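In what follows, a structure is listed as structure tokens, so that the remarks can point back to it.
Just so it is clear, the structure is predicted and the values come from calculations on it, not from any experiment. So that the names make sense, note that chain A is the first sequence line, chain B the second, and so on, each numbered from 1.
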Number of protein chains: 2
Amino acid sequence: MRKNPIVQRETLGAAVLQVRSGRATSRTTLAKALGISPSTTGLYVDHLIAEKYLNESGLNQGPMGRPRRILSTQAEAGWFAGLEFNAQRIQAVGVDFSGSLKMTVELPLPADVLADQVIKSLLTCVAKLAETMQGPLLSVGLGVPGLVDAQAGIGLYYAFIPDWNQVPVADEIRSKLKVPVILQNNLRAIALAERWFGLGHGLNDYVILGPRSGFGIAMVQDGRVIEGSHHAAGEVGRWPWPLMEGAGEGKELHHALSAPATWRRLAGVDGLAKLPEDLRAGLAAFADSTGPEWEAVCGDYARVIGLLHMIIDTGVFILHGPLTMLGERFCQSITDAACALMPALREGGLKIVPSTLGDNAGALGAASLAMEAWSPA
Amino acid sequence: MRKNPIVQRETLGAAVLQVRSGRATSRTTLAKALGISPSTTGLYVDHLIAEKYLNESGLNQGPMGRPRRILSTQAEAGWFAGLEFNAQRIQAVGVDFSGSLKMTVELPLPADVLADQVIKSLLTCVAKLAETMQGPLLSVGLGVPGLVDAQAGIGLYYAFIPDWNQVPVADEIRSKLKVPVILQNNLRAIALAERWFGLGHGLNDYVILGPRSGFGIAMVQDGRVIEGSHHAAGEVGRWPWPLMEGAGEGKELHHALSAPATWRRLAGVDGLAKLPEDLRAGLAAFADSTGPEWEAVCGDYARVIGLLHMIIDTGVFILHGPLTMLGERFCQSITDAACALMPALREGGLKIVPSTLGDNAGALGAASLAMEAWSPA
DNA sequence: TTGGGTTTTTTCGCATTCGAATAAAAAGCC
DNA sequence: GGCTTTTTATTCGAATGCGAAAAAACCCAA
């Protein structure tokens, strides 16, 4: 038997993350992934197995040599809650310790909802999840709309909930549930969701395009989400647009590229026209569209994405939200238009792809937050 | 006496950096800055003093308690070379171990210079510096124009030196001088120069605006320079401009905002007009200018900076290069124009300042690279 | 079946790093 | 001047993490 006392909780958490993500499958690969020695890694793994967070699930014989003892996360060790909301609804997911989505809950919010009630409803969602999820709740991730101070756990501002100003959501929920609560902006949470549940698996640099009721982006550089000095990185929705004309009401990127605006432009109707009941379906109808409207929309997207690409020189743009219904062709049209407008992009390898995640990407991202933040007691 | 054997070279280097920058002035503050225990810090400092890299320069009595034993770097311990070049000239600086600029060398390059001769000339510059600098050369930093793979030490591409393609500059120079050689793009080196010699002292997030023969930016986020997946972050010069018109020859940001273009626009002459002999002086003449040309130039700058600000939400923009001759008022005009065009910026606290560094900022940045990379043998 | 080759895991001694306690150096205060 | 208070630096035992070497587990070939 080996010596027992180990303490670095943070490293234990990191080890679990590596195993859960599949980046590390054995003690040796885990050692490399964590950058610590194989001997120490052995101790950590022993500890985690003793505490029932990990287990050994068989052997993996390579072409030669002693086979690896495969490590995997113990699904029953507990679960993570991912909560995301906007002014209309809360979406919540329960994810087991292995990182598998087990349950989704959706809760509509009344019109003109206030911060207090949002928090209460968030707790309701967790309670609902807890009814079916196995084991203890380990931590909670929160995807919050608007400006967010992730470090402090405070929701700074959100236009569509009147009193959403300097709300210490994280503390409020932590005090009720007695588990760690981690906060992040909606869209930045989605960036994490891509890493854990979507296309961002092996990626270290990518940008999330989030056209919903407005237009914003989230950037991942070197594996880290960019926050900005004022927590406002990626808030490009208030770019004046079209750029060269003067500023004015309605002349912002929000009004040109949001999901409703995109539908209106494709449908060729003005701002007063009623939106379809189901916007996603409404958009899907245009998946095979052509013509000047299509060109115009793609052109605007191309311009914005082109500019972004030349600034931060990232690898991939992942399109999110309702507009994914427009499919691959939409992304391809944008790529083509961008390369036509900006010859420099041809070499740079511009790549735009629709996300494979659905409507609950935000909640999944919140769950990712929870997973990334957790470490054993 | 304490025990002697210490090995973590990297930590020793980091300790010297903290002392040199003035962030740490005593053993205790150094311990905090490095995130290691005071006891260990004591050992490291002893070692560095024994090796003549640091010394104790008196006491600093606080309001109470035992006074701090002030640590400082030993200027005579050696020196760093900072080299920067473009197609016209090399600039080189010698910086002593305390980080003080001691010497500058400038060497013009012949027209149509090739990579080989650039490298030879770089070595000539180092030799010239070595004649007067005291102590051993410790490391060399290189500010290279164009695309650069900093990690690999390779100059990838530069339009104005014909055979500047995949040049392993770092290795070539290292093999001659037998000291570490660190590479970085020109403008990104300037970003470091601001931190060590200029306005970026306490800053962790800022953007360098570099209008010279073209237009590019360098971004520092959380203390780290952003490189981009293809080493091309900040290469915004090929943005189509004016944005909404189609692409075309000469319709790029380069051609609107470069230093020569700015002069031409302010002077109201077309692209064929001859540039003044001394562009800096020529620009300085417009420092008190007004009128539609001034407005137009500031408007374009305002648009670009505004867009950038909303994307990466950084704290400060530092203007570099010849246009600093236009002074504070230029920056103020841009700020005003940006806030007029983009109401969102008013809250965000947009701040634009001219750099206090002169023409040798690139070389100083290269020297900063050298300092940051060095650690004792 | 036995022995070499290869890769993973563990053992074991060592030493760097830490923490708590101690010493040191000054100021203020009676 | 001695006392306490406060902050900085050092001492010293304890222990975490590392490296080298050994052990383990598997393949393959003779």
Side-chain angles (χ1 to χ4, degrees), chain A residues 1-16 18-19 22-51 54-72 375-376, chain B residues 1-16 18-19 22-51 53-72 375-377:
Chain A
M1 202 51 196
R2 302 200 232 186
K3 31 177 189 173
N4 24 336
I6 316 181
V7 253
Q8 299 286 84
R9 279 202 312 273
E10 215 174 78
T11 312
L12 287 172
V16 170
Q18 295 292 336
V19 173
R23 273 190 296 271
T25 55
S26 71
R27 287 162 171 78
T28 319
T29 51
L30 181 56
K32 264 192 210 110
L34 293 174
I36 60 181
S37 75
S39 32
T40 310
T41 308
L43 297 174
Y44 274 83
V45 169
D46 284 355
H47 182 91
L48 286 167
I49 291 177
E51 302 276 319
L54 296 184
N55 56 12
E56 292 185 341
S57 52
L59 300 179
N60 182 352
Q61 181 60 51
M64 245 179 217
R66 174 172 176 174
R68 318 180 147 169
R69 299 164 65 180
I70 306 175
L71 299 173
S72 34
S375 57
Chain B
M1 202 53 197
R2 303 196 230 188
K3 31 177 189 172
N4 26 335
I6 316 182
V7 254
Q8 298 288 87
R9 280 201 310 274
E10 214 176 81
T11 312
L12 287 172
V16 170
Q18 295 292 335
V19 173
R23 274 191 294 272
T25 54
S26 70
R27 287 161 170 78
T28 319
T29 51
L30 180 56
K32 265 193 208 108
L34 292 174
I36 61 180
S37 74
S39 33
T40 310
T41 308
L43 297 174
Y44 274 84
V45 170
D46 284 356
H47 182 91
L48 286 168
I49 289 177
E51 303 276 320
Y53 290 122
L54 297 184
N55 56 12
E56 292 184 343
S57 53
L59 300 179
N60 181 353
Q61 180 60 50
M64 245 180 215
R66 174 173 176 173
R68 314 177 152 174
R69 298 164 67 179
I70 305 175
L71 300 173
S72 33
S375 57

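Between the CD1 atom of B:Ile70 and the C1' atom of D:dT8 there is a distance of 13 Å, rounded to whole Å. Taking atom CG of residue B:Leu30 and atom P of nucleotide D:dT8, one finds them 13 Å apart after rounding to whole Å. Rounded to whole angstrom, the span from the NZ atom of B:Lys32 across to the C1' atom of D:dT8 amounts to 10 Å. One can place CZ of A:Arg68 at 8 Å from C1' of C:dT8, the figure rounded to the nearest angstrom. One interatomic measurement links the two molecules: CG of B:Leu43 to P of C:dA15, which rounds to 15 Å at whole-angstrom precision. If you measure from atom CD1 of B:Ile36 to atom P of D:dG17, you get 16 Å, rounded to the nearest angstrom. Atom CG of A:Asp46 is separated from atom P of D:dG17 by 14 Å (rounded to the nearest Å). The nearest whole Å value for the distance from the CD atom in A:Glu56 to the P atom in C:dT10 is 7 Å.
Taking each heavy atom of B:Ala377 and B:Arg9 in turn, the nearest pair found is C-CD, 3.4 Å. Across all their heavy atoms, B:Ser375 and B:Gly13 have their closest contact at CB-CA, 3.8 Å. Of all non-hydrogen atoms in B:Thr25 and B:Thr29, the two that sit nearest each other are N-OG1, 3.0 Å. Across all non-hydrogen atoms, the minimal contact from A:Arg27 to A:Ile49 is NH2-CD1, 3.9 Å. Smallest separation of non-hydrogen atoms from A:Ser72 and A:Val19: CA-CG1, 3.8 Å.
Of the listed nucleotides (C:dT10, D:dG19, C:dG19), D:dG19 has the atom at the smallest distance from the side chain of A:Ser37. When distances are taken from the side chain of B:Thr40 to each of D:dG19, C:dT17, D:dA25, the shortest belongs to C:dT17. Closest contact between the side chain of A:Pro67 and the listed nucleotides D:dT11, D:dC26, D:dG19 involves D:dC26. For A:Arg27, whose side chain is taken as the heavy atoms from C-beta onward, the closest listed nucleotide among C:dT10, C:dT11, D:dT11 is C:dT10. When distances run from any side-chain atom of A:Tyr44 to the nucleotides D:dT10, C:dC12, D:dG17, the shortest one goes to D:dG17.
Of the residues in residues 59-66 of chain B, B:Leu59, B:Gln61, B:Gly65, B:Arg66 come within less than 4.0 Å of DNA chain C through at least one heavy atom, sorted by number.
Of the two residues contacting DNA chain D, namely A:Thr11 and B:Ser26, the nearest-nucleotide position lying further toward the 5' end is that of B:Ser26.
Note on A:Ser39: every side-chain N or O is 4.0 Å or more away from OP1 and OP2 of D:dG17. For D:dT10, one of the phosphate oxygens OP1 or OP2 lies less than 4.0 angstrom from a side-chain nitrogen or oxygen of B:Arg69.
B:Arg69 is listed as a side-chain neighbour of B:Leu59, based on a closest heavy-atom distance under 4.5 Å.
Every residue meeting the side chain to side chain contact (heavy atoms under 4.5 Å, CB included) condition with A:Pro376, not counting sequence neighbours, appears here in chain and number order: A:Leu12, A:Leu48, A:Tyr53, A:Trp374.
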